[in-house]
*Asks:* 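First the structure, then my questions, so here it is.
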Number of protein chains: 2
Amino acid sequence: MARSDERAGRMWRVNTLGFAILGLLARRPLSGYRVAQLMREPIGFFWNAGHAQIHGTLRKLVEAGWAEYRTEPGPGPHDKKLYSATAAGRAALAEWAASPLPTPQPHDELLLRVYNGWLADPAAMREMLTAELERREASLAHYLTVRAEFEADGTPEDPTTQRFVDYATVLNGIGSERYVLDWLRWLIGTLRD
Amino acid sequence: MARSDERAGRMWRVNTLGFAILGLLARRPLSGYRVAQLMREPIGFFWNAGHAQIHGTLRKLVEAGWAEYRTEPGPGPHDKKLYSATAAGRAALAEWAASPLPTPQPHDELLLRVYNGWLADPAAMREMLTAELERREASLAHYLTVRAEFEADGTPEDPTTQRFVDYATVLNGIGSERYVLDWLRWLIGTLRD
DNA sequence: GTCGGTTATGTCAATGCCGACATAGACGCG
DNA sequence: CGCGTCTATGTCGGCATTGACATAACCGAC
């Protein structure tokens, strides 16, 4: 009895996006609109969602008792809602953050392109890869300035602070872009003439 | 007139999964079942899909004229279908492979966990991260044996061969796992005592 | 001989996700 | 005074994705 229920791994009352949003609300109260902005930067470096998805998920968080809101007069046809995480929401988020990771399901279109690149025109491939190289060089440059700002105020060291985890995700971005850039330069090099 | 049509970037008759499957069919004729197997390994390193999705997408590929099949007697209540890519399918795949990449929409649950890790119990975080470290060490070891097999037969050098692009994706896997492992070891180190 | 694993294709419901559409006040610039 | 941008929340339809259910032959081991 209850064979597939316990090993499911999906016993939470919201999906991963719910925790992404709850993680923002646990830091400070926000309107749905501000959540959508922060979803682009800085959460956009590792997750993303449009505002259509965000409004629905905020409703689910409130239904689960993990977030609450107070209404404020705002522009437009609807009132502004300022959401914040409840104590139960913080507890659920803390438990989720350290719970075992499900096996990742990668979706990397760049690698899929390369895997099929043997069929394509080498010059066209070189162009596509060069554009990607430039995009990622800009991304790396951005991460490096953010890291410099962090370190100007002293390297964060306490892993139970927001400042530290922010710093850790930036370091990951730098590492990830650096290895891809090396690989892209090598690949583009094999496509010379 | 046709304002949003040209800048959409989604003018193809199948989605990305369609090209992932077509890329397998362009190499050799396959049954849907075999496609699902290859979707786990080696495509699983950069894309994934279950058989429910695969059958539907194969039907779309046939409707688009990019794949065809011949029926063969097989086990079970349905006949076996052997799919292969048509000339039009190969051409579409070659064009797609080198076309400009859409901006990626990352979904990295590990980074989302770390971003919210300041709230969690450090010992529990260390446990979760150590499990992930071990999973990725095993993954790196696997990539290294695959690379060794490639190089034993001579390092692939011609980017218009299947052997080369297979090799290129393995090198990417090695680089990607190595940088994550370094980062994970640093992170776990900050969570000591 | 039957038990379990592999081969093989399919449906279905629920959920997730995305782009487009809808509305409208506030504020600054020219 | 109007135009564009930002703030702000919401709906809707369609497609993508997942897990569960359904069916059944073939094959090797015990």
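This one's a predicted model, so the numbers in the text were calculated from it and none came from an experiment. Every heavy atom of this structure was used, including side-chain atoms; hydrogens, water molecules and symmetry mates were not. Order of the sequence lines sets the chain letters (A, B, ...), proteins ahead of strands, with each chain counted from 1.
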*Asks:* For side-chain contact (heavy atoms from CB on, under 4.5 Å), just list the numbers for B:W47 and B:L17, CA-CA rounded to whole Å, side-chain angles, deciding distance to a tenth of an Å, and then say yes or no.
*Replies:* CA-CA 8 Å; B:W47 209 268; B:L17 176 58; 4.2 Å; yes

*Asks:* Examine C:dC17: is either OP1 or OP2 under 4.0 Å from a nitrogen or oxygen in the side chain of A:N15? Give yes or no.
*Replies:* yes

*Asks:* How long is the line joining CG of A:D79 and C1' of D:dT7, in whole Å?
*Replies:* 14 Å

*Asks:* Honestly, is B:R34 close enough over B:Y83, meaning NZ or CZ under 6.0 Å from the six-membered ring centre and within 45° of the axis?
*Replies:* no

*Asks:* Just compare D:dT17, C:dT9, D:dT18 and give me whichever is closest to any side-chain atom of B:S31.
*Replies:* C:dT9

*Asks:* When you measure from the side-chain N and O atoms of B:Y33 to the phosphate of C:dT9, is any distance below 4.0 Å, counting only OP1 and OP2?
*Replies:* no

*Asks:* Select from B:K80 and A:G50 the residue whose nearest nucleotide in DNA chain C is closer to the 5' end of that strand.
*Replies:* B:K80

*Asks:* Rounded to the Å, how far apart are B:L38 CG and C:dT6 P?
*Replies:* 16 Å

*Asks:* Please work out whether the ring planes of B:W12 and B:F19 are parallel, tilted or perpendicular, with thresholds of 30° and 60°.
*Replies:* perpendicular

*Asks:* Any side-chain N or O of B:K81 below 4.0 angstrom from OP1/OP2 of C:dT7?
*Replies:* no

*Asks:* Can you classify the ring geometry of A:W186 versus A:W183 as parallel (below 30°), tilted (30 to 60°) or perpendicular (above 60°)?
*Replies:* tilted

*Asks:* How long is the line joining CZ of A:R59 and C1' of C:dT15, in whole Å?
*Replies:* 13 Å

*Asks:* Below 3.5 Å is the cut-off: list the nitrogen or oxygen pairs between protein and nucleotides 21-28 of chain C, distance only.
*Replies:*
unit_1 : atom_1 : unit_2 : atom_2 : d
C:dG25 : O4'    : A:G76  : N      : 3.3

*Asks:* Can a salt bridge be assigned to the pair A:K60 and A:E63 using a cut-off of 4.0 Å between side-chain N and carboxylate O?
*Replies:* no

*Asks:* Could you check whether B:Q37 gets within reach of a base, just the sugar-phosphate, or nothing at all, counting any heavy atom under 4.0 Å?
*Replies:* sugar-phosphate

*Asks:* Between B:I54 (CD1) and D:dT17 (P), how many Å, whole number?
*Replies:* 11 Å

*Asks:* Write down the distance between NZ (B:K60) and C1' (D:dG14), rounded to a whole number of angstrom.
*Replies:* 11 Å

*Asks:* Ignoring backbone atoms, test whether A:Q105 places a side-chain nitrogen or oxygen under 4.0 Å from the OP1 or OP2 oxygen of D:dT18.
*Replies:* yes

*Asks:* Measure from NE2 on A:H55 to C1' on C:dG19 and round the result to the nearest Å.
*Replies:* 15 Å

*Asks:* Does NZ or CZ of B:R27 come closer than 6.0 Å to the centre of the six-membered ring of A:Y115, within 45° of the ring's axis?
*Replies:* yes

*Asks:* What integer distance in Å separates B:R34:CZ from C:dT9:P?
*Replies:* 12 Å

*Asks:* Please list all pairs meeting salt bridge (Lys or Arg N to Asp or Glu O under 4.0 Å) that have one or both residues in residues 169-179 of chain B, counting only residues at least two apart or in different chains.
*Replies:* B:R136-B:E177

*Asks:* Less than 4.0 angstrom between a side-chain N/O of B:Q53 and OP1 or OP2 of D:dT18, yes or no?
*Replies:* yes

*Asks:* What's the CG-C1' distance between B:L58 and C:dG10, to the nearest Å?
*Replies:* 12 Å

